[in-house]
Amino acid sequence: MAPRDLALGMVFLVQTLAGILGNSSLLLHYLILHFTGCKFRLTDLILKHLTVANALVILSKGVPQTMAALGMKHFLDDTGCKLVFYVHRVSRDVSIGSTCLLSVFQAITISPTCSRWKGLKVKAPKYVGSSTILCWILNMMFNVVVLLHVTARWQNNNITSKMDYDYCSAMPRGKITDLLYIALMLFRDVVFVGLMLWASSFMVFILYRHKQQVQYIHTLSHRSSPGSRATQSILVLVSSFVLLCSLSSILHIGLVFFSIRKIWLVKASTLIAGCFPAISPYILMSYDSRVPTHCLPWIIAAKSSVL
């Protein structure tokens, strides 16, 4: 194995292990909160679904990519490739949708009670559960197309235009089909990112106005309130997502739309796509005041190692 391949494999391994550790710890955190009778926030249910989706992204993409980078190429058959890619696409899209829902519901939560949002603020808690379930169902239906063109790497070796992912391959679907698929994905991502940016801007405005109105806050402790910390964590989470999603989308367009078949571009796209599921649990836990203080040092250290 070449030193460059070994180094890349170790990078994928560290990212995968950090993602598994972080998402497992966050799920355990919510499990402990449930059994200790701690009061849940409106956005906690969305965060649970986001954590599950991110864990599935790590397991379905990070683990196979790490194995392939370390020299194991033909460990999945045709059925295994279809299942792994389908789970990855569904969980990735649920992660995008959950992040969008998270930012929108948090914006509704912190909106002033006397504003035009009053009615929506009262009704919002009733739709959190149904919104997250609908997000899973729609993405499971939308990504069925993945099962039709993903095959094992050792099959159809005579097709030169196939997309090579080290451990699996994707068969060409035709220019028109690719254009429609990319257009739908871009439209969805643009809508979600637009909603996230709008909700984030609204939250920044609310926090700034609250800080201006409450002048005596400077004489108090510098520690933020739980609601403010939750909003800050979501703002950091959304900012990280928008940045990484933009980079990943640009690389994905180069891979599919412009038919660029460079293997380093595939690996770079995979590495960037795995950053958000790996770092998001550490962002959330570092801002959550309900996390025990003795857990914070290793959370911050782990987050620093991932970044």
Side-chain angles (χ1 to χ4, degrees), residues 10-36 38 40-41 43-67 83-103 105-106 128 132-133 135-136 139-140 196 229-230 232-245 248 270-292 294-307:
M10 295 306 297
V11 171
F12 278 119
L13 180 62
V14 170
Q15 185 187 68
T16 301
L17 292 177
I20 292 174
L21 176 63
N23 287 287
S24 300
S25 299
L26 189 55
L27 287 175
L28 179 62
H29 166 60
Y30 285 119
L31 190 63
I32 293 173
L33 291 179
H34 174 75
F35 284 108
T36 55
C38 182
F40 282 96
R41 300 168 183 153
T43 54
D44 280 342
L45 179 60
I46 304 176
L47 287 172
K48 293 175 188 176
H49 283 267
L50 175 63
T51 305
V52 172
N54 286 338
L56 289 175
V57 171
I58 293 293
L59 292 175
S60 61
K61 192 67 172 180
V63 173
Q65 192 65 51
T66 300
M67 295 173 65
L83 179 62
V84 165
F85 267 72
Y86 179 71
V87 171
H88 172 254
R89 291 290 179 86
V90 171
S91 55
R92 173 190 173 272
D93 292 348
V94 169
S95 178
I96 296 173
S98 298
T99 307
C100 180
L101 286 174
L102 184 64
S103 58
F105 275 107
Q106 184 64 20
V128 172
T132 52
I133 293 173
C135 183
W136 281 98
N139 285 301
M140 290 174 69
M196 290 180 211
R229 290 173 64 87
Q232 291 171 12
S233 69
I234 293 174
L235 287 173
V236 174
L237 192 72
V238 170
S239 300
S240 303
F241 175 83
V242 171
L243 175 62
L244 294 171
C245 180
S248 180
T270 303
L271 187 63
I272 293 174
C275 286
F276 179 75
I279 67 174
S280 60
Y282 301 105
I283 294 174
L284 293 170
M285 286 189 288
S286 63
Y287 279 91
D288 195 339
S289 58
R290 298 169 297 178
V291 176
H294 64 271
C295 294
L296 289 177
W298 71 264
I299 290 173
I300 295 173
K303 182 173 69 172
S304 301
S305 66
V306 174
L307 295 174

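Values below: all heavy atoms of this structure, side chains included; hydrogens, waters and symmetry mates excluded.
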**Message:** Under the rule for side-chain contact (heavy atoms from CB on, under 4.5 Å), what residues qualify as partners of V128, not counting sequence neighbours?
**Reply:**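 With neighbours one apart ignored, the set is L42, L45, I46, F105.
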
Side chains of [X] and [Y], heavy atoms from C-beta outward: is any pair under 4.5 Å?
{"X": "I279", "Y": "L244", "answer": "yes"}
{"X": "Y30", "Y": "L47", "answer": "yes"}
{"X": "H49", "Y": "C135", "answer": "no"}

**Complete:** dist I234:CD1 -> M196:CE (nearest 0.5 Å) comes out at 12.0 Å

**Item:** Listed partners of T16 passing side-chain hydrogen bond (donor to acceptor under 3.5 Å, both in side chains), at least two apart
**Value:** T66

**Message:** Can you list everything that forms a side-chain hydrogen bond (donor to acceptor under 3.5 Å, both in side chains) with S95? Sequence neighbours excluded, please.
**Reply:** N54

**Prompt:** Given the rule in the side-chain contact (heavy atoms from CB on, under 4.5 Å) test, do L237 and L50 qualify, once you have shown the distances and angles that lead to the verdict?
**Reply:** CA-CA 11 Å; L237 192 72; L50 175 63; 3.9 Å; yes

**Under 3.5 Å: donor-acceptor pair, side chain of Q15, backbone of A278** = no

**Asked** Does the side-chain contact (heavy atoms from CB on, under 4.5 Å) test come out yes or no for Y282 and L26, once each step is laid out?
**Response** CA-CA 8 Å; Y282 301 105; L26 189 55; over 6 Å; no

Can you give me the closest heavy-atom contact between [X] and [Y], atom names plus distance?
{"X": "P281", "Y": "N23", "value": "CG-N, 3.7 Å"}
{"X": "K61", "Y": "F85", "value": "NZ-CZ, 4.3 Å"}
{"X": "S60", "Y": "V84", "value": "O-CG1, 2.9 Å"}

